[in-house]
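A short write-up of the structure that comes next.
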Amino acid sequence: MEIENFTPFRFRDVADKLLVTNEVGDFQFFENGVLERYFKNELLPDEYRQFRDLSVLVEPGADWRIASLMRRARQPQITQREISY
């Protein structure tokens, strides 16, 4: 599994899981111990796929993932002030 790029992410323990979020708020829960495997480059195949789907890990030739994150990060957040039915 060759990694060309990675993007910033945040993480926090929630109960007995690890919550990982990317820069635009997409998130995934992982089992404890995943960060150690992440930083040792020893992710299990399913964990690797989940980090890739979050656009935290970006494979060679998939620069569109970074462009997509950048586009989403630039979009203004829509806040609704009134309830509309």
Side-chain angles (χ1 to χ4, degrees):
M1 294 178 258
E2 182 182 344
I3 299 298
E4 183 174 282
N5 291 306
F6 57 92
T7 62
F9 66 95
R10 294 178 173 90
F11 56 91
R12 174 175 291 191
D13 288 323
V14 177
D16 63 341
K17 300 284 184 182
L18 181 74
L19 173 65
V20 175
T21 63
N22 65 14
E23 287 294 297
V24 294
D26 300 329
F27 66 93
Q28 181 70 38
F29 286 96
F30 292 89
E31 297 295 324
N32 290 325
V34 73
L35 285 181
E36 184 176 330
R37 289 189 297 279
Y38 174 87
F39 288 112
K40 288 183 175 181
N41 198 22
E42 297 175 351
L43 288 173
L44 302 174
D46 192 47
E47 295 168 340
Y48 177 87
R49 180 189 52 76
Q50 290 171 315
F51 273 96
R52 186 196 64 216
D53 291 349
L54 280 175
S55 297
V56 171
L57 299 176
V58 180
E59 297 171 326
D63 293 337
W64 62 269
R65 287 187 182 275
I66 294 173
S68 176
L69 278 177
M70 289 175 16
R71 180 187 53 80
R72 290 176 57 202
R74 283 194 314 257
Q75 289 179 337
Q77 297 298 318
I78 298 171
T79 56
Q80 189 170 352
R81 297 178 193 261
E82 299 176 11
I83 297 175
S84 63
Y85 294 97

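- A distance of 9.0 Å separates CG of D53 from CG of D46, quoted to the nearest 0.5 Å.
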Task: Residue pair D26, V24: steps toward the side-chain contact (heavy atoms from CB on, under 4.5 Å) verdict - done: CA-CA 6 Å; D26 300 329; V24 294; 3.7 Å; yes
Task: side-chain contact (heavy atoms from CB on, under 4.5 Å) assessment of E36 paired with E42 - done: CA-CA 8 Å; E36 184 176 330; E42 297 175 351; over 6 Å; no
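- Heavy atoms of other residues, nucleotides or ligands lying less than 6.0 angstrom from CZ of R49 number more than 12.
- The ring pair (Phe, Tyr, Trp, His ring centres under 6.0 Å) check on F30 picks up F51, with sequence neighbours excluded.
- Under the 4.5 Å side-chain heavy-atom criterion for ILVMFWY residues, a single connected hydrophobic cluster contains both Y48 and L35.
- Aromatic ring centroids of F9 and Y38 lie under 6.0 Å apart.
- The side-chain hydrogen bond (donor to acceptor under 3.5 Å, both in side chains) test with E47 singles out one residue from R52, R37, Q28, and that residue is R37.
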Please output the side-chain donor-acceptor pairs of residues 11-21 that fall under 3.5 Å, not counting sequence neighbours, one pair per line with the distance.
unit_1 : atom_1 : unit_2 : atom_2 : d
K17    : NZ     : E31    : OE2    : 2.3

